[in-house]
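Have a look at the structure below, then the notes.
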2 protein chains.
Amino acid sequence: MAVVRRPGADHCGIAAAMAVIDGKWKVSLLWELERSPRRRFGELRRLVPGVSEKVLAAQLRELENDGIVHREVYDEVPPRVEYSLTPLGEELNGALEALGEWGTKHLLPAAAPGRLPERPGPA
Amino acid sequence: MAVVRRPGADHCGIAAAMAVIDGKWKVSLLWELERSPRRRFGELRRLVPGVSEKVLAAQLRELENDGIVHREVYDEVPPRVEYSLTPLGEELNGALEALGEWGTKHLLPAAAPGRLPERPGPA
DNA sequence: CCGTATCCGAGATGATACTG
DNA sequence: CAGTATCATCTCGGATACGG
């Protein structure tokens, strides 16, 4: 479980939430799974450029163990596995919106009018 | 500068914000500075148990460089330095509230009625 | 009191090869 | 296709000692 990697994660909501999204690619994964559910492993690999197979698998497992993503295995050949957000994961994504708006407003390079929608995604 | 440590930090508000709060103790520091502004270095060291002097100084510098905290140096002996949140830092803290509520609601051990206020702090 | 300078280790990530 | 196994790397943070 991921949930005790930050100090105070056992009694502070923020630290606990940070523990869940701690991992270089997790926010990107949440983002992609929100944009379109039922993503396959290879799709995610392509959608999140730079992540290795090992780390992608590991972070998906952690998100699964934390109840954020659901992993559906189809018994076919070739194999097929689909990942999607759980209701809890969708709530988490919602809770991240305020943070995303703050970042967009204050940190991103000044956007041309019309660009940079409310919650722009990675890559 | 801290702001490009996560993938997509240059074009995704969430990644950019995550880059700013990336650092084991930064959220705790934000929390303490919100609870009471004008904290001295030694106070923060005590208020955030476990942090070393090196890392405390480093993360305060990063927050300062990112415009989140203000560092006021008084030319006295013995030396005195006070840290406080900037308006931007206060906004950031506000943007973290939703995340804290999500974490408190879904991750923390069930709280006895009356305990765990809206945004409980670390330590 | 408020830091900085070094050294070091742990853990997370990356690269690659391999398997059901 | 969807991973696992293995090894290399790299960054962050911890410990300690010293300086203004």
Side-chain angles (χ1 to χ4, degrees), chain A residues 1-9 15 18-29 32-33 38-66 69-84 122, chain B residues 1-9 15 18-29 32-33 38-66 69-84 122:
Chain A
M1 285 256 271
V3 176
V4 193
R5 284 170 298 196
R6 294 222 167 213
M18 296 285 297
V20 169
I21 57 179
D22 190 16
K24 191 172 178 181
W25 310 99
K26 284 187 186 173
V27 170
S28 296
L29 292 173
E32 290 301 338
L33 290 175
R38 302 192 153 271
R39 286 295 192 187
R40 304 180 60 168
F41 186 87
E43 288 180 313
L44 290 171
R45 181 122 170 65
R46 282 186 297 276
L47 289 168
V48 180
V51 67
S52 70
E53 294 184 350
K54 184 189 100 177
V55 173
L56 177 56
Q59 305 210 348
L60 283 169
R61 292 300 176 150
E62 290 187 354
L63 289 171
E64 187 190 359
N65 291 335
D66 288 339
V69 310
H70 171 70
R71 179 170 177 269
E72 183 86 28
V73 183
Y74 298 86
D75 197 358
E76 308 173 349
V77 335
R80 181 161 61 108
V81 177
E82 287 180 350
Y83 295 91
S84 52
Chain B
M1 289 253 275
V3 178
V4 194
R5 283 171 299 197
R6 295 222 167 212
M18 296 286 298
V20 168
I21 58 178
D22 189 16
K24 189 172 178 181
W25 310 99
K26 285 187 185 173
V27 170
S28 297
L29 292 173
E32 290 301 336
L33 291 175
R38 302 190 153 271
R39 286 294 192 188
R40 303 181 59 169
F41 186 88
E43 288 179 313
L44 290 171
R45 182 124 169 65
R46 282 187 297 276
L47 289 167
V48 181
V51 67
S52 70
E53 294 184 350
K54 182 190 102 174
V55 173
L56 177 56
Q59 305 210 347
L60 283 170
R61 292 302 175 147
E62 290 187 355
L63 290 171
E64 187 191 358
N65 291 336
D66 288 339
V69 309
H70 171 68
R71 179 169 177 268
E72 183 87 28
V73 183
Y74 298 86
D75 196 357
E76 308 173 352
V77 336
R80 181 161 62 105
V81 177
E82 287 181 349
Y83 295 90
S84 53

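The chains referred to below are lettered A, B, ... by the order of the sequence lines, with proteins before strands, and numbering in each begins at 1.
A pairwise comparison of heavy atoms in A/Leu29 and A/Gln59 identifies CD1-CB, 4.3 Å as the closest pair. Here the closest heavy-atom approach between residue B/Pro7 and residue B/Ala15 is recorded as O-CB, 3.5 Å. For B/Asp22 against B/Glu62, the heavy-atom pair with the smallest separation is O-OE1, 4.3 Å. Shown here for A/Pro79 and A/Arg40, the closest heavy-atom pair between the two residues is O-NH2, 3.3 Å. Looking at every heavy atom in both residues, B/Leu63 comes nearest to B/Lys26 through CD2-CD, 3.8 Å.
Spacing between atom CG of A/Leu29 and atom P of C/dT13 amounts to 11 Å, rounded to whole angstrom units. Between the CD atom of A/Glu43 and the C1' atom of D/dG3 there is a distance of 16 Å, given to the nearest Å. For B/Glu64 and C/dC2, the CD to P distance is 15 Å, given to the nearest whole Å. Taking atom CG of residue A/Leu56 and atom P of nucleotide D/dA5, one finds them 16 Å apart after rounding to whole Å. One atom, CG of A/Leu60, and another, C1' of D/dA2, lie 11 Å apart when rounded to the nearest Å.
Residues A/Ser84 and A/Arg39 fail the side-chain proximity criterion, which asks for heavy atoms closer than 4.5 Å. Taking 4.5 Å as the limit, some side-chain heavy atom of B/Val27 sits within range of a side-chain heavy atom of A/Met18. Side chains of A/Leu44 and A/Leu33 form a contact here, defined as non-hydrogen atoms less than 4.5 Å apart.
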Output a table of donor-acceptor pairs, distance under 3.5 Å, between side-chain atoms of residues 71-78 of chain B and any protein atom two or more places apart or on a different chain; print 'none' if there are none.
unit_1, atom_1, unit_2, atom_2, d
B/Arg71, NE, B/Tyr83, OH, 3.2
B/Glu72, OE1, B/His70, NE2, 2.7
B/Tyr74, OH, B/Arg38, NH1, 2.8
B/Tyr74, OH, B/Glu82, OE1, 3.1
B/Glu76, OE1, B/Arg80, NE, 3.3
B/Glu76, OE2, B/Arg80, NH2, 2.9

All N/O donor-acceptor pairs, side-chain side in residues 46-53 of chain B, below 3.5 Å, sequence neighbours left out:
unit_1, atom_1, unit_2, atom_2, d
B/Ser52, OG, B/Val55, N, 3.3

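A sub-4.0 Å separation between OP1 or OP2 of D/dC1 and a side-chain N or O of A/Arg39 is absent. In this model, the phosphate group of D/dC1 is not approached by any side-chain N or O of A/Arg46 to a distance below 4.0 Å at OP1 or OP2. Between B/Arg40 and C/dC2, a side-chain N or O to OP1/OP2 separation shorter than 4.0 Å is present. An OP1 or OP2 oxygen of C/dT4 is reached within less than 4.0 angstrom by a side-chain nitrogen or oxygen of B/Arg61.
Judged by distance alone, with hydrogens and angles left aside, the side-chain atoms of B/Glu64 form no donor-acceptor pair with the main-chain N or O of B/Arg61 at under 3.5 Å.
Residues from residues 75-84 of chain B lying near DNA chain C, meaning a heavy-atom separation below 4.0 Å, are B/Pro78, B/Pro79, B/Val81, B/Tyr83 in numerical order.
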Distances for protein N/O vs nucleotides 13-17 of chain D N/O pairs under 3.5 angstrom?
unit_1, atom_1, unit_2, atom_2, d
D/dG13, OP1, B/Lys24, N, 2.7
D/dG13, OP1, B/Gln59, NE2, 3.4
D/dG13, OP2, B/Gln59, NE2, 3.1
D/dG14, OP1, B/Lys24, NZ, 3.1
D/dG14, OP2, B/Trp25, NE1, 3.3
D/dG14, O6, B/Lys54, NZ, 2.1

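Across its full length, the helix from C/dC1-D/dG20 to C/dG20-D/dC1 shows an angle of 50° between the axes of its 5 terminal pairs at either end, rounded to 10 degrees.
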